[in-house]
Number of protein chains: 4
Amino acid sequence: MSDTVEAWIEELLKSDGAGAKMTEKQARIVQSAIEVFAEKGYAASSTSEIAQRAGVAEGTIFRHYKTKKDLLFAIVAPAMTKLLAPFVLRGFHKVLDTEYESYDQVLRAMIENRIEFLRKHRNILKILLQEIPFHPEMQERFQRDVLGLVLERLRKLVAKFQDKGQMAELPSSTVVRLSVSAIMGYVAVRTVYGEREDAVWDDDFEREETIRFVMRGLGLA
Amino acid sequence: MSDTVEAWIEELLKSDGAGAKMTEKQARIVQSAIEVFAEKGYAASSTSEIAQRAGVAEGTIFRHYKTKKDLLFAIVAPAMTKLLAPFVLRGFHKVLDTEYESYDQVLRAMIENRIEFLRKHRNILKILLQEIPFHPEMQERFQRDVLGLVLERLRKLVAKFQDKGQMAELPSSTVVRLSVSAIMGYVAVRTVYGEREDAVWDDDFEREETIRFVMRGLGLA
Amino acid sequence: MSDTVEAWIEELLKSDGAGAKMTEKQARIVQSAIEVFAEKGYAASSTSEIAQRAGVAEGTIFRHYKTKKDLLFAIVAPAMTKLLAPFVLRGFHKVLDTEYESYDQVLRAMIENRIEFLRKHRNILKILLQEIPFHPEMQERFQRDVLGLVLERLRKLVAKFQDKGQMAELPSSTVVRLSVSAIMGYVAVRTVYGEREDAVWDDDFEREETIRFVMRGLGLA
Amino acid sequence: MSDTVEAWIEELLKSDGAGAKMTEKQARIVQSAIEVFAEKGYAASSTSEIAQRAGVAEGTIFRHYKTKKDLLFAIVAPAMTKLLAPFVLRGFHKVLDTEYESYDQVLRAMIENRIEFLRKHRNILKILLQEIPFHPEMQERFQRDVLGLVLERLRKLVAKFQDKGQMAELPSSTVVRLSVSAIMGYVAVRTVYGEREDAVWDDDFEREETIRFVMRGLGLA
DNA sequence: AATGAATGAGTATTCATTCAT
DNA sequence: AATGAATGAATACTCATTCAT
């Protein structure tokens, strides 16, 4: 499963928005831009530094991206696609619908998926989170494509479990919110504390307790 | 209680870092800066726009704040103090220790407190969240003063409830994390959906379900 | 002699251009200005730093001196007066005319006088030298009052010695130039090397050799 | 000889510090900077005026020189090299060692050399003299490279003449100081008076008398 | 496609000077 | 006389963008 998804995404990466293949320089520009944007924030990043890190001339950036903003969007737009990919891909989709027998399996899968995603795309995610508030186009697209789609799908998934007789009393959107909050809280703290050497953070324990907490909270255990 | 706290905070607001009274122009500068920083982000804000909105000459800003960064910190530093104020103030403190008979009261109080805070200081909070990743000094101070203190106090509070025989099986820090995640998730969604006209968001219902979810999740109901 | 001269000069210092007594703050302003101008040069000095060093408010400077340039002139103008003072003061004047029996005594007196002057007024002199090229008024005044008067007086003094039958073949102005060059060269090198610890500079020797060099050069020894 | 030297120097001028060829705009920037710095002094010169006079955009200056100070140094550093060039160049060097039969020839050559130099590089020299006191790096470099090298060479030259039995009684450094003082005095006065229409300045006469004065002063005539 | 010199509008910041207190 | 907040023009410098090569 993951292989399929990732392969699909890799392909995404290899082409620019117009579908054309990226040259090697273009790829280096995008890589540098991701680094610099993540480090300093979009507004505080200079195209000249990006060019320098990419080892290309200043002008070259503007041959590929008409403006600095275009470069940002060229990074962020595919990121959004990738964010929701696991939830809309046909293959994965089917899995979602059928494979999980109990809700805690869903939660566990979501956690693993998000952690993996964070690990792989930390910088891009950072950029996305930082810039969304300042670009209405991005906001709109994020809310429509990502939030809307993903939540709707999760809602349906939850509804399916509810049909089976569990969590009957709560609206499915509320269930989604509560589940996602718990997972995000776990992932967030893990991201901060999980990296420390002196960590008193027992990851497996915290993860399982989080899942149990949600299950109990939803009246499933 | 709230009156006392707010009064104390208002005082904070009325003086600059050095303890001196703010002139009227200085206050206008700070107000404009908060607006502009929140709207465009710190890096994308220009001192000239801040000055214009405040109705002062650009030079006036720099009479009060040596650099643009100083202006940012003059806004953000007291915000941090205020953030943790309810948790460290003597008055409130005593309350925390004694008044709550059951954990759901604590959760309800936290929710109300955070919502109120968010309503009052939305812009400053936005600035704080946006800028923390780019200013190590801010990061450090936030982690040490705000996170550290607040979480420690909450942990103690939780431990007290645990001593009374409830939630015995979980580490108090985990309990805090799970509780805070749920509350933050509720507040966040509420902030986004609560403002819409067409909202299918029944605030009282969602709040109570959130509290019940946490209580159940912790084995308290 | 020196006492008389210095007393007269001290008086100069105590009054501003208009003849009024200086207040203590004004005196501190002038002192600070001399320091700062000498350290950084006039153009690179800021009135705010001068005010700070003087311990007065920024506005206070402009109560006494309408512009920064006025402050400069208030420092430099009396300096020029003082520069030529020894040559025009009645008391000293008489001495010049009568007392010296041979030219080497004149040279020796000049050297001592210039060294003393340099020691006392190094900063003001530095300012004067630095700023003369950029202020035509200063240039004119310097050329007319200082150079003109001093050289003329020296020329007459030399002429008197020539009348006694020495240095007959050279124009007196040439004699003055050659003498002054040698003395200035000596004083300049002494200023640079004389301060070093490791100096291989035998001051008495160099001074006497300089005088002897001039005397021989003029055919007087 | 002079041809060779000058050719070498011209080459120096045509390349920037890094050895790269100057573009035409860069050359115009340097020219304008020399003019403006000489006219108003470094600190009082604005990059905008320099750009305007050079007919380039202000930004263009900073493409070539990272800071205004860099521009200053790019002007002054080669000037120092050129200042000492005649004394260290192999060709000239040999000449120095062998060609002059009597000391007055040396003096005459020095005078001509310095006058020529002054004529050609008056502005740069003015800048150099004005700015040396405020830039320790420049001071150091000047003292080490220029003063040190030149004086040492002159000292050796003088010593050679002394070996031949003349000026035996004086340290060679003292001889150099006295000679240079006289020449500089001559050149300085000449620079001031030599340009006037009404000049009572007989250049040939003054030059020869100066040389004769030095020769007599050193016991050589 | 790629370069990099050139641009000019824009940036944060400084400064001499003013003026109400 | 003295203050110091306020000013606005000027400053050095940056930046996204253009364009001739």
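In this text the structure is predicted, and so the values were computed from the model without any measurement.
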| query | What pattern of brackets, bars and dots sums up DNA chain E from 5' to 3', given Watson-Crick or G-U wobble pairs under 3.5 Å, [ ] for crossing pairs and | for another strand? | reply | .||||||||||||||||||||
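Judged by the 6.0 Å distance and 45° axis criteria, K68(A) is not positioned over the aromatic ring of F73(A).
A donor and an acceptor atom, one from each side chain of S48(A) and E58(A), are nowhere located under 3.5 Å apart.
Nearest-nucleotide mapping onto DNA chain F: of A44(A) and S46(D), the residue sitting toward the 5' end is S46(D). Position along DNA chain E of the nearest nucleotide to E24(A) versus A43(C) favours E24(A) as the more 5'-ward residue. Comparing K69(C) and K25(A) by the nucleotide of DNA chain E that holds the closest heavy atom to each, the one mapping nearer the 5' end is K25(A).
Put simply, OH on Y65(D) is 16 Å from P on dT14(F), counting in whole angstrom units. Between K40(C) atom NZ and dA16(E) atom C1' there is a gap of 16 Å when expressed in whole angstrom units. Note: CG (L72(A)) to C1' (dC15(F)) measures 17 Å, nearest angstrom. Across the protein-nucleic acid pair, K68(B) atom NZ and dG10(E) atom C1' stand 12 Å apart, rounded to whole Å.
Atom CG of D70(C) sits about 9.5 Å away from atom OH of Y65(C), to the nearest 0.5 Å. Atom NZ of K69(A) sits about 8.5 Å away from atom CG of L72(A), to the nearest 0.5 Å. Rounding to the nearest 0.5 Å places CD1 of I75(B) at 10.0 Å from CG of N123(B). To the nearest 0.5 Å, atoms NZ (K40(A)) and CD (E49(A)) are separated by 3.5 Å.
One finds no side-chain N or O of K66(C) lying less than 4.0 angstrom from the OP1 or OP2 phosphate oxygen of dA16(E). The phosphate of dA16(F) has OP1 or OP2 within less than 4.0 Å of a side-chain N or O from T47(A).
In the region residues 49-64 of chain C, proximity to DNA chain F at under 4.0 angstrom, judged on heavy atoms, holds for V56(C), A57(C), G59(C), T60(C), R63(C), H64(C).
For the pair R122(B) and I34(B), the minimum side-chain heavy-atom distance is 4.5 Å or more.
Taking 4.0 Å as the cut-off between side-chain N and carboxylate O, R28(B) and E35(B) do not count as a salt-bridged pair. Between R53(D) and E39(D) a salt bridge is recorded (basic side-chain N to carboxylate O distance below 4.0 Å).
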